[in-house]
Amino acid sequence: MSDVQSLYQDLILDHNKNPRNFRKIENADRTLEGYNPLCGDRYTIYLKLNGEIIEDITFEGSGCAISKASASVMTSVLKGKTVPEAQRLFDIFHRLVTGKDLSVEERDELGKLEVFSGVSTYPARVKCAVLPWHTMKGALENKGSVVSTE
Ligand code: ZN
C-alpha cells in the first residue's frame with residue numbers, strides 16, 4: 001500500500017469516527033441540505049458569514065465514511081476562509097477527486113485535502129466526496145433548500 005493510500009485510509013477512519021464541526025449552527029446565515037441518491041448520503045451544511053469571511057461552517061446528517069470524512073475535513077479547512085477562497089478550493093478539490101492534473105501551486109493550496117486524491121481511483125465514490133462541497137457551494141450561492149448530486 002502506498003503512503004498516500006494509507007494516509008487516505010487513516011484520515012477517513014479518523015474523521016468518520018470523530019467528525020469535526022458536527023453540529024448545527026443556531027441562526028445560521030445559510031443552511032442547505034445535500035443528497036447523494038447513489039449512496040444515500042444526506043447532510044445539511046450550516047454557514048455563518050461575516051461579510052466575505054466564513055466565520056463558522058458545520059454539518060449534520062449521515063452517510064458513508066467517505067462523505068462524512070469529506071464534510072469533516074472540508075469544514076475544518078474552510079473555517080476562516082473567504083467566500084472566493086472557498087469557491088476556488090471547490091474547483092481544485094473537484095479536479096483532484098476526478099483525477100485531473102493539478103499544478104504544484106494548487107496542490108499546496110489543498111494541503112491535507114490532497115489525501116482525497118485516493119478517491120479518484122474509486123469512481124463510484126467521487127460523488128460521496130464532492131457532496132459536502134456541492135452543498136457548501138450551493139449554500140454560498142443561496143440555491144434553494146436542497147441540492148442533489150444527480
Ligand atoms: Zn457515500
Side-chain angles (χ1 to χ4, degrees), residues 1-26 28-49 54 56-81 83-102 106-150:
M1 198 161 59
S2 74
D3 285 352
V4 171
Q5 274 176 318
S6 66
L7 263 177
Y8 168 67
Q9 289 182 352
D10 288 350
L11 178 125
I12 303 282
L13 288 175
D14 173 33
H15 281 263
N16 185 48
K17 209 170 154 191
N18 301 300
R20 321 298 197 266
N21 308 304
F22 192 71
R23 61 187 161 82
K24 183 179 179 173
I25 299 176
E26 300 296 338
D29 294 308
R30 307 280 169 83
T31 301
L32 188 61
E33 186 182 314
Y35 178 49
N36 171 18
L38 231 58
C39 180
D41 311 314
R42 192 187 285 274
Y43 294 99
T44 302
I45 301 279
Y46 302 94
L47 279 162
K48 190 88 191 155
L49 298 171
I54 298 172
D56 201 6
I57 174 168
T58 66
F59 74 105
E60 277 187 334
S62 61
C64 67
I66 291 173
S67 61
K68 188 178 268 183
S70 179
S72 175
V73 177
M74 178 190 81
T75 52
S76 312
V77 167
L78 293 185
K79 208 173 190 171
K81 294 260 193 300
V83 171
E85 281 169 345
Q87 285 168 334
R88 182 173 158 76
L89 276 172
F90 170 92
D91 288 333
I92 302 173
F93 183 80
H94 196 270
R95 281 191 285 131
L96 175 83
V97 295
T98 51
K100 307 283 194 305
D101 287 332
L102 299 179
E106 286 171 335
R107 288 188 184 276
D108 278 352
E109 277 180 63
L110 280 175
K112 65 180 165 185
L113 290 170
E114 198 182 350
V115 169
F116 283 92
S117 65
V119 174
S120 65
T121 54
Y122 306 96
R125 291 309 200 173
V126 170
K127 282 185 173 158
C128 302
V130 297
L131 174 67
W133 288 85
H134 273 297
T135 312
M136 174 281 293
K137 192 165 183 266
L140 286 177
E141 291 165 2
N142 238 339
K143 288 224 177 95
S145 57
V146 182
V147 293
S148 171
T149 54
E150 291 303 297

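Atoms within a ligand are numbered from 1 in the order they appear, just like the ligands themselves. Keep in mind that the numbers below use all heavy atoms, side chains included, and drop hydrogens, waters and symmetry copies. Being a predicted model, the structure only gives us computed values, none of them experimental. We count residues from 1, following the sequence as given.
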Exercise. Does a sphere of radius 6.0 Å around CG in Asp101 hold more than 12 heavy atoms from other residues, nucleotides or ligands, not counting ones at 6.0 Å or beyond?
Worked result: no

For this session: May I ask you to list the protein N, O or S atoms found at less than 2.8 Å from the Zn ion (ligand 1)?
Result: Cys39 SG, Asp41 OD1, Asp41 OD2, Cys64 SG, Cys128 SG

For this session: Can you label the angle between the Tyr8 ring and the Tyr122 ring as parallel, tilted or perpendicular, going by 30° and 60°?
Result: parallel

Exercise. Just how far is it from atom CG of Leu89 to atom CG of Leu96, taken to the nearest 0.5 Å?
Worked result: 11.0 Å

Problem set entry | Proximity of Phe59 and Phe22 rings by center, below 6.0 Å | yes

Exercise. Taking atom types as modelled, is there a side-chain donor on Ser67 or Tyr43 under 3.5 Å from an acceptor on the other?
Worked result: yes

Problem set entry | Test salt bridge (charged side-chain N to carboxylate O under 4.0 Å, His left out) applied to Arg30 - qualifying residues, sequence neighbours left out | none

